A.B. asks: 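This structure is in structure tokens; I'll ask about it shortly.
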Amino acid sequence: GIEAVGTGAGSLTMLDNDVATVGGYGILGVLFTNATVSGNAVRNAGLTGIELDGAGGVATISNNTVAMTGDEGIYFDDFASATTSGNSIANVAGNGIEAVGLSNGNLTITGNNLDTATLGNGIVASAFVNVIATGNAVSDTGLTGIMLTGIGGGNVTASGNTVDGVTSGDGIRFASYVTATASGNSIANVSDNGIEAVGTGAGSLTMLDNVIASVGSHGIQAISFPNA
């Protein structure tokens with residue numbers, strides 16, 4: 001595929017590349033402060049389709065197409081803030097999109113489409129203070145459709161997402177945020193809870209206009225929010 005290794009400073013830009021049938025990563029970027037990856041197509045990668053290992057700056061990952069990977073569709077870590085939007089991911093073995101922060105900064109995940117993560121979660125994010133997940137469509141995952149884990153503070157909003165088909169897990173799960181909102185989500189055909197929200201013992205939870213059907217356990221389960 002394509003591999004770029006930086007020095008822990010500087011910026012990486014990857015636009016409109018087409019990568020097919022590689023034994024390793026489709027696109028791999030390591031040790032860049034800021035990264036922009038957009039409009040790329042990756043298919044038939046033995047490992048992750050697109051992986052970025054940052055150095056504390058900002059990542060923008062948008063409008064990429066990833067299909068048939070042996071691991072994650074898109075993975076990135078060690079950026080302070082990140083936006084991933086408009087990506088289309090299909091038939092991956094691991095997580096569709098996985099984002100790992102630096103216990104600070106903001107993450108926005110919007111308008112992504114994931115179809116079939118055989119052994120993984122659809123979208124999974126951890127170690128960002130504030131997270132917005134909106135307008136994503138997730139279907140046929142081995143584990144939880146959308147899983148967002150904070151750092152014991154901050155805010156999470158999950159709105160307008162669609163999750164259909166989870167073999168083992170919840171439709172949407174978020175934990176370790178002080179303030180949480182789930183609104184306008186549509187969830188169906190899930191083995192466990194439709195939505196599970198686990199707080200920190202402080203803060204507030206808002207659930208509004210969610211539609212949940214055909215789940216194996218609770219429609220909505222909320223734990224450790226004093227104000228709901």
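Just so you know, these numbers come straight off a predicted model, no measurement behind them. All heavy atoms count here, side chains included; hydrogens, waters and symmetry mates do not.
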A.B. asks: Show your reasoning for whether side-chain contact (heavy atoms from CB on, under 4.5 Å) applies to Asp209 and Ser183.
C.D. replies: CA-CA 6 Å; Asp209 294 333; Ser183 64; 5.6 Å; no
A.B. asks: About how many Å separate CG of Asn63 and OG of Ser38, when rounded to the nearest 0.5 Å?
C.D. replies: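 With rounding to 0.5 Å, OG (Ser38) is 5.0 Å from CG (Asn63).
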A.B. asks: Given Ile74, which of Ile61, Leu114, Val37, Thr48 fulfils the side-chain contact (heavy atoms from CB on, under 4.5 Å) condition?
C.D. replies: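 Answer after filtering Ile61, Leu114, Val37, Thr48: Ile61.
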A.B. asks: Using side-chain heavy atoms (C-beta onward) and a distance below 4.5 Å, is Ile89 in contact with Ile97?
C.D. replies: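 A side-chain contact under 4.5 Å exists here.
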A.B. asks: To the nearest 0.5 Å, what is the distance between OG1 on Thr13 and CG on Asn34?
C.D. replies: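 With rounding to 0.5 Å, OG1 (Thr13) is 9.0 Å from CG (Asn34).
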A.B. asks: Nearest 0.5 Å please: distance from the CG atom of Asp115 over to the OG atom of Ser139.
C.D. replies: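 One gets 3.5 Å once the value is rounded to the nearest 0.5 Å.
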A.B. asks: For the CG atom of Asn193 and the CD1 atom of Ile220, what is their distance to the nearest 0.5 Å?
C.D. replies: 10.0 Å
A.B. asks: Taking all heavy atoms of Ser191 and all of Ser168, pick out the closest pair and write down the distance.
C.D. replies: OG-CA, 3.2 Å
A.B. asks: Verify, without hydrogens or angle tests, whether Asn136 (side chain) and Asn161 (backbone) share a donor-acceptor contact under 3.5 angstrom.
C.D. replies: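 Checked: no pair found.
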A.B. asks: Starting from Phe174, can I reach Ile151 by hopping between I/L/V/M/F/W/Y residues whose side chains sit under 4.5 Å apart?
C.D. replies: no
A.B. asks: Would you kindly confirm whether Ile109 and Phe128 end up in one hydrophobic cluster when ILVMFWY residues are joined by side chain heavy atoms under 4.5 Å apart?
C.D. replies: yes
A.B. asks: Whether the side chain of Asn210 engages the backbone of Ala182 through a donor-acceptor N/O pair (distance < 3.5 Å, no angle test) should be reported.
C.D. replies: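 Yes, the answer is positive, given that a donor and an acceptor are paired below the 3.5 Å cut-off.
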A.B. asks: Can you give me the closest heavy-atom contact between Leu148 and Tyr177, atom names plus distance?
C.D. replies: O-CE1, 3.6 Å
A.B. asks: List the atom of Val58, the atom of Phe79, and the distance in Å for their closest heavy-atom pair.
C.D. replies: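 Nearest pair, atom of Val58 first, then Phe79: C-CD2, 3.8 Å.
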A.B. asks: Does Glu72 reach the main-chain N or O of Asn95 with its side chain, forming a donor-acceptor pair under 3.5 Å?
C.D. replies: yes
A.B. asks: How many angstroms lie between atom CE of Met68 and atom CG of Asn44, to the nearest 0.5 angstrom?
C.D. replies: 4.0 Å
A.B. asks: Applying side-chain contact (heavy atoms from CB on, under 4.5 Å), run through Thr84 and Asn112 and close with a yes or a no.
C.D. replies: CA-CA 8 Å; Thr84 178; Asn112 300 285; 3.8 Å; yes
A.B. asks: Does Ile195 share a hydrophobic cluster with Phe225, counting links as ILVMFWY side-chain heavy atoms below 4.5 Å and allowing steps through other members?
C.D. replies: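 Same cluster.
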A.B. asks: Looking at every non-hydrogen atom in both residues, tell me the closest pair between Phe32 and Leu12 and how far apart they are.
C.D. replies: CG-CB, 3.6 Å
A.B. asks: How far does CD1 of Ile27 sit from CE of Met14, to the nearest 0.5 angstrom?
C.D. replies: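 Rounded to the nearest 0.5 Å, the CD1-CE separation comes to 6.0 Å.
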A.B. asks: Can you tell which of Asn130, Asn155, Thr200, Thr157 makes a side-chain contact (heavy atoms from CB on, under 4.5 Å) with Thr179?
C.D. replies: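 Testing each of Asn130, Asn155, Thr200, Thr157 against Thr179, the sole residue satisfying side-chain contact (heavy atoms from CB on, under 4.5 Å) is Asn155.
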A.B. asks: Are Val66 and Val124 linked, directly or through other ILVMFWY residues, by side chains that come within less than 4.5 angstrom of each other?
C.D. replies: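 No; tracing contacts between hydrophobic side chains, which count when under 4.5 Å, never links both residues.
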A.B. asks: Taking all non-hydrogen atoms of both residues into account, name the closest pair between Phe76 and Leu107 and its distance.
C.D. replies: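 Looking at all heavy atoms of both residues, the shortest contact is CZ-CD1, 4.1 Å.
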A.B. asks: Between Asn64 (side chain) and Gly39 (backbone), is there a donor-acceptor pair under 3.5 Å?
C.D. replies: yes
A.B. asks: For Tyr25 and Leu47, work out which heavy atoms get closest and say how close.
C.D. replies: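 Minimum heavy-atom separation between Tyr25 and Leu47: CE1-CD1, 3.8 Å.
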A.B. asks: Between Thr134 and Ser159, do the side chains contain an N or O donor and an N or O acceptor separated by less than 3.5 Å?
C.D. replies: yes
A.B. asks: Going hydrophobic residue to hydrophobic residue with side-chain gaps under 4.5 angstrom, can you get from Leu143 over to Ile146?
C.D. replies: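 No, it is not one cluster - the side chains of Leu143 and Ile146 are not joined through contacts under 4.5 Å.
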A.B. asks: How would you list, by chain and number, every residue that makes a salt bridge (charged side-chain N to carboxylate O under 4.0 Å, His left out) with Glu196, sequence neighbours excluded?
C.D. replies: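 Partners of Glu196 by the salt bridge (charged side-chain N to carboxylate O under 4.0 Å, His left out) criterion, ordered by chain and then number, come out as Arg173.
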A.B. asks: If you apply the rule side-chain contact (heavy atoms from CB on, under 4.5 Å), what do you find for Val163 with Asn185, and how did you get there?
C.D. replies: CA-CA 8 Å; Val163 177; Asn185 300 289; over 6 Å; no
A.B. asks: Okay, side chain of Thr33, backbone of Gly57: is any donor-acceptor separation there less than 3.5 Å?
C.D. replies: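 Side chain of Thr33 to backbone of Gly57, a donor-acceptor pair under 3.5 Å: no, none is there.
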A.B. asks: Return yes if a side-chain donor-acceptor contact under 3.5 Å exists between Thr60 and Thr83, otherwise no.
C.D. replies: no
A.B. asks: Going through the distances and angles, do Thr65 and Asn40 end up as a side-chain contact (heavy atoms from CB on, under 4.5 Å)?
C.D. replies: CA-CA 6 Å; Thr65 301; Asn40 301 283; over 6 Å; no
A.B. asks: Measuring only between side-chain heavy atoms, which start at C-beta, is Ile2 closer than 4.5 Å to Asn17?
C.D. replies: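 Heavy-atom side-chain distance check passes, below 4.5 Å.
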